Amino acid sequence: MSQIIKVGMADLNVTKGEGVLTTLGLGSCVGVTLYDPITKVAGLAHIMLPSSKAIRNNTNPAKFADTAIVLLLEEVLKVGAIKGRLVSKLAGGAQMFAFANKNDIMKIGERNTIAAKKILKELKIPIIAEDTGGNFGRTIELYANSGMIIVKTIGRGTKQI
Amino acid sequence: MGISIEEMNNMQLDVLKEVGNIGAGNATTALAVMLNRKIDMNVPKVEILEFNEVVELLGGADVPICGVYFHVDGDLTGNIMFMLTMDSSKLLANMLLFKENKTKALDEIEQSALKEIGNILSSAYISSLTTLTGLNMKISVPSLSMDMAGAILSVPIIQYGQVGDKVLVIETEFNEGDNDIKGFFFLIPDVDSFDVLLKSLGVLE
């Protein structure tokens with residue numbers, strides 16, 4: 001019996017053992033996961049923006065790459081993960097609409113992915129897989145018993161990372 | 001820095017809602033003229049919603065929908081997104097092309113027709129906004145995407161997310177005969193442009 005926990009936009013959650021974390025319809029947002037393969041602790045954050053520093057209203061730490069990943073790390077450690085064993089995977093960060101004049105907001109997906117990678121590097125957590133970029137949405141499911149992520153799309157099939 | 005939806009007072013919100021009403025009304029009239037049919041419109045619902053509530057409005061984050069997206073340039077900068085359920089987009093495309101296509105997917109001509117409808121609706125919307133505010137605005141060519149609701153909505157939501165945790169959504173429902181079409185407008189001014197908009201309407205010092 002696996003328990004499926006939904007992670008909404010600008011939200012994060014953790015589970016362990018037989019639990020499954022899912023986030024539906026990732027577009028320009030990026031899904032960052034942390035996983036400890038020994039204790040089978042898994043965490044997932046649905047991140048909207050690269051940095052909390054440039055934003056005045058930053059009361060929700062789960063919204064920003066810099067604060068969300070740090071918070072997610074604290075949460076997985078609380079339920080038994082060991083930092084040295086943690087690995088990360090990334091999915092999302094797409095550009096949903098194509099325009100000739102590319103301003104910053106259109107490239108937000110790419111910027112989210114870059115920001116998440118930078119924070120993970122600072123925290124010395126290796127990224128072992130990613131499915132980012134493109135111009136399509138993704139639904140992801142993270143299985144705590146294996147660390148596997150299933151990435152579902154519309155019209156582009158399903159894959160495992 | 002720009003004002004966020006959360007910080008607005010009731011009068012400012014009412015004015016924004018009224019702008020939404022007028023814009024949606026003109027957009028529906030433009031659609032009726034274009035299709036040369038009588039189109040009835042319900043009073044648009046203008047709502048301030050949390051991120052996750054917006055997604056639920058369209059039936060869930062993984063439900064496929066169709067979004068047409070525009071840049072707005074001029075005195076006020078930002079974006080406009082017009083969003084339809086897949087069923088509604090199919091109905092609209094069929095109406096415009098005078099055909100009965102029962103297949104689920106939209107072909108290239110139907111997509112192009114939807115972009116054009118998006119264009120007409122958004123232009124009508126912007127032109128009523130220009131008349132009301134005296135601000136000069138123009139919209140870009142449309143860009144269309146058919147994908148999961150959450151993924152498409154992430155675009156306007158992220159832009160609202162830069163200043164707050166809520167989004168302004170204008171929901172319009174129109175019908176032609178037995179066909180109900182539900183569309184959603186998102187007016188997404190850039191960070192500083194809400195101030196410009198509210199000032200031009202005389203509800204911000």
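Numbers restart at 1 for each chain; the letters A, B, ... are given by sequence-line order, proteins then strands. Since the model is a prediction, treat every value here as computed from it, not as a measurement.
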Interface moiety of A:N135 toward chain B, non-hydrogen atoms closer than 4.5 Å: backbone
Smallest separation among heavy atoms of A:M9 and B:N52, with atom names: N-OD1, 3.1 Å
Separation between OG1 of A:T139 and CG of B:D62, rounded to the nearest 0.5 Å: 5.0 Å
4.5 Å side-chain heavy-atom contact, A:L26 and B:S154: no
Inter-residue atom distance B:L153.CG - A:S28.OG, 0.5 Å rounding: 11.0 Å
A:K83, NZ: over 12 other non-hydrogen atoms inside 6.0 angstrom: yes
Interchain contact, B:I157 with chain A, by part (heavy-atom threshold 4.5 Å): both
Shortest non-hydrogen separation from B:M148 to A:K152 and the atoms involved: CE-O, 3.3 Å
Side chain B:D147, main chain A:G137, donor-acceptor under 3.5 Å: yes
Top contributor to chain A interface from B:S145, B:S140, B:A149, B:G60 [non-hydrogen pairs under 4.5 Å]: B:S145
Pairwise side-chain contact, A:F97 with B:M81, heavy-atom cut-off 4.5 Å (strictly under): yes
Atom CG of A:L123: over 12 foreign heavy atoms under 6.0 Å: yes
A:K6 versus chain B, the contacting section by heavy-atom distance below 4.5 Å: neither
Euclidean distance, A:H46 NE2 relative to B:F51 CZ, rounded to 0.5 Å: 10.5 Å
